[in-house]
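It should be emphasised that the depicted structure is a prediction, and the values quoted were computed from it without experimental measurement.
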Amino acid sequence: MPNWWEADVTNMVNKDFNHPSVIMYSIGNEIPETGNRMDVQWGRKIVDRIRALDSTRYTTDCMNLMLSVLNDLPKFLASEEAGVSQPAGSEINEMMTTLGEQMAKITTSDFAGNATEEASGEVDITGLNYAADRYVPDGKKYPNRIFVGSETYPMDLDKNWELVTRLPYVIGDFDWTAYDYLGEAGIGKINYGDAKAPETGFYAPYPYKAAYCGDINLLGDARPIAYWQQIIWGLRDTPYIAVCPPSHFGEELKKTQWTMTDAVRSWTWKGYENKPVKIEVYSDADAVELLLNGKSLGKKRPGCADDGCGKKDIAIFETTYLPGTLEAVAWKGDEATARDVLRTASEDVHLNGQADRDIIPADGSDIAYVELELQDANGIRNPDEVRSVSVQVSGAGYLLGFGSADPGSDENFYDTEARTYEGRLRAAIRAKQKGTIDVTFSSKGMADVHVAIQAE
């Protein structure tokens with residue numbers, strides 16, 4: 001740190017100085033020294049250097065107050081102000097999960113506020129990780145302070161966005177996280193019923209490799225929570241249907257704060273005909289109506305606590321699974337304003353492959369992604385089917401990676417064979433010279449699929 005901080009800061013600013021997407025420079029994320037009166041001075045050095053290099057952007061520091069006061073936490077927990085016990089575990093994510101709602105008592109305490117007062121004063125915008133409960137009291141105590149939710153739980157967006165829109169000194173909210181990633185394996189996993197925690201504790205055991213807490217999965221598909229968030233932001237007026245797996249109907253959902261639901265985008269559940277199923281409909285309408293094969297299952301008001309949810313813009317329905325068509329209708333007053341439809345896919349599926357671009361540079365500077373789906377004759381993806389698929393690349397390119405969004409797969413992205421997950425796979429292709437790149441997908445019992453890409 002003493003030898004490299006200035007060079008690293010300079011390189012960071014110079015690298016992205018001309019990028020219009022840069023609105024803030026963060027000097028750190030969840031740095032324990034933000035609560036240490038001596039070490040916090042490093043923050044001032046870094047901010048001063050950034051301002052000398054670029055006076056046009058703001059600075060922030062993304063603070064997890066639990067980490068900021070971790071060294072003095074035992075002293076606080078022993079005080080009357082705390083009212084909580086020593087958290088189990090030593091890793092921050094595990095501690096946050098163990099404490100649950102009690103964490104708010106720590107992050108909103110005067111103890112944590114006073115400890116991070118100097119760190120907050122060093123930057124233009126105070127970034128708070130999982131501490132939205134501080135917005136109102138700190139807004140009164142520090143009227144000149146600006147806040148951003150630098151890391152928050154995805155399922156809390158309805159509450160957090162209300163604060164963003166109501167409080168002028170809170171400029172936005174970043175939930176953890178937009179895109180799923182490798183590492184912190186299983187922090188968004190779900191267990192059911194009486195299932196015990198995995199032997200590794202908070203994280204999922206091998207072969208889990210992805211966090212599985214992204215609003216977007218590893219293949220870039222938006223998961224159901226992303227559509228709920230769009231509705232909260234006012235970016236979507238069409239309802240969205242998501243279905244909880246009927247194989248776990250009625251079981252207790254055991255999850256971390258980084259997961260809101262186990263619902264997925266499917267109305268294909270082979271073997272669960274005439275069995276109960278729970279359906280979530282996301283909408284900001286006055287009411288949503290759900291129809292199964294043309295028959296109305298009734299109307300519900302999104303956000304109503306009577307159905308056991310109570311989350312803003314979510315309506316819960318329970319019915320019996322029958323293959324066919326599931327349709328949600330958004331009602332505003334007496335007018336039907338928008339619809340969403342899910343259809344059951346047949347078991348007779350085929351491979352469908354399509355590249356995201358027809359031409360890529362021959363110098364290897366870009367990548368073509370070939371999307372592969374299991375579709376029925378009507379083009380409906382069947383996420384219930386699992387097939388092993390192999391890929392071969394010949395001609396002017398080569399395979400850079402191949403796989404699915406499965407967070408618990410033991411497959412390697414460098415393998416040439418992978419199993420479909422939610423009916424999908426993806427291959428990444430790079431050119432090595434000018435010419436045609438031939439990509440072939442094969443699966444037992446299915447016709448091969450050929451995709452051609454030009455390298456120019």
Side-chain angles (χ1 to χ4, degrees), residues 96-97 100-101 103-104 130-133 135 149 151-167 170 172-178 187-192 212-216 222-246 248-266 276-290 297-319 326 328-332 337-338 340 342:
M96 289 164 62
T97 299
E101 294 181 359
M103 180 181 166
Y130 310 105
D133 289 336
Y135 292 164
E151 191 170 322
T152 64
Y153 297 122
M155 63 183 296
D156 287 345
L157 180 67
D158 52 348
K159 297 183 296 182
N160 292 341
W161 201 246
E162 188 276 328
L163 293 170
V164 171
T165 55
R166 179 166 59 87
L167 304 176
V170 181
D173 180 89
F174 294 94
D175 82 80
W176 191 266
T177 189
I187 71 169
K189 70 184 184 304
I190 293 174
N191 290 322
Y192 296 93
Y212 205 53
C213 61
D215 308 327
I216 302 168
R223 299 171 67 194
I225 191 172
Y227 294 92
W228 174 70
Q229 292 169 339
Q230 289 177 15
I231 291 168
I232 297 292
W233 290 323
L235 300 176
R236 179 185 175 92
D237 54 15
T238 301
Y240 184 89
I241 304 172
V243 181
C244 299
H248 295 290
F249 180 84
E251 295 184 51
E252 179 187 359
L253 206 66
K254 294 187 175 181
K255 56 186 181 61
T256 70
Q257 295 97 317
W258 287 274
T259 297
M260 183 176 79
T261 178
D262 64 341
V264 296
R265 179 72 169 176
S266 177
V277 62
K278 184 171 79 170
I279 301 159
E280 299 178 353
V281 181
Y282 310 148
S283 174
D284 64 352
D286 297 334
V288 291
E289 182 180 15
L290 193 65
L297 302 179
K299 291 182 181 179
K300 290 200 173 185
R301 178 168 54 88
C304 180
D306 294 342
D307 59 18
C309 177
K311 295 289 290 182
K312 183 179 180 182
D313 295 340
I314 300 179
I316 303 293
F317 293 83
E318 290 185 2
T319 188
L326 189 67
V329 182
W331 290 87
K332 292 196 174 180
T337 58
D340 185 32
L342 278 180

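With values rounded to the nearest 0.5 angstrom, Ile231 atom CD1 is found 12.0 Å from Asp158 atom CG. Atoms CG and OG1, from Asp286 and Thr337 in turn, are 8.5 Å apart once rounded to the nearest 0.5 Å. The CZ atom of Phe317 sits 9.5 Å away from the CD1 atom of Ile241 when rounded to the nearest 0.5 Å.
Counting heavy atoms from C-beta on, the side chains of Asp313 and Arg236 never come closer than 4.5 Å. Using a 4.5 Å heavy-atom cutoff, the side chains of Ile190 and Tyr212 are not in contact. Inter-residue side-chain proximity for Glu289 and Val281 is flagged as unmet; no heavy-atom pair is nearer than 4.5 Å. No side-chain heavy atom of Tyr282 sits less than 4.5 Å from a side-chain heavy atom of Gln230. Residues Val277 and Val243 meet the side-chain proximity criterion, which asks for heavy atoms closer than 4.5 Å. Within the 4.5 Å cutoff, the side chain of Cys213 has heavy atoms near those of the Thr177 side chain. Side chains of Val170 and Leu163 form no contact here, defined as non-hydrogen atoms less than 4.5 Å apart. Here the side chains of Thr152 and Asn160 are in contact, with some heavy-atom distance below 4.5 Å.
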Might you work through the side-chain contact (heavy atoms from CB on, under 4.5 Å) test for Met155 and Lys255, ending with a clear yes or no? CA-CA 12 Å; Met155 63 183 296; Lys255 56 186 181 61; 3.9 Å; yes
Would Gln229 and Trp161 count as a side-chain contact (heavy atoms from CB on, under 4.5 Å) here? Give the steps. CA-CA 10 Å; Gln229 292 169 339; Trp161 201 246; over 6 Å; no
Derivation and outcome, side-chain contact (heavy atoms from CB on, under 4.5 Å), residues Trp233 and Leu157: CA-CA 9 Å; Trp233 290 323; Leu157 180 67; 3.8 Å; yes
Do Thr261 and Lys311 pass the side-chain contact (heavy atoms from CB on, under 4.5 Å) test, and can you show the C-alpha distance, the side-chain angles, and the key distance before you say yes or no? CA-CA 11 Å; Thr261 178; Lys311 295 289 290 182; over 6 Å; no
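Taking the centre and axis of the six-membered ring of Tyr135, the NZ or CZ atom of Arg166 falls outside the cone set by 45° and 6.0 Å.
Annotation: Tyr153 is not in aromatic contact with Trp176 [ring centroid separation under 6.0 Å not met].
Sparse packing is recorded around NZ of Lys159, with 12 or fewer heavy atoms of other residues, nucleotides or ligands lying under 6.0 Å away.
The backbone N or O of Ile316 sits less than 3.5 Å from a side-chain atom of Lys300, completing a donor-acceptor pair. Put simply, the side chain of Trp228 never gets that close to the backbone of Tyr240: no donor and acceptor are under 3.5 Å apart.
In terms of heavy atoms, Cys244 sits closest to Asp262 at SG-OD1, 3.4 Å. The shortest non-hydrogen separation linking Pro245 to Tyr192 is CG-OH, 4.4 Å. Looking at every heavy atom in both residues, Ser283 comes nearest to Pro302 through O-CB, 3.4 Å. Here the closest heavy-atom approach between residue Pro154 and residue Gln257 is recorded as CD-O, 4.1 Å.
Salt-bridge formation is detected for the pair Asp340/Arg265: a Lys NZ or Arg NE/NH1/NH2 atom is positioned less than 4.0 Å from an Asp or Glu carboxylate oxygen.
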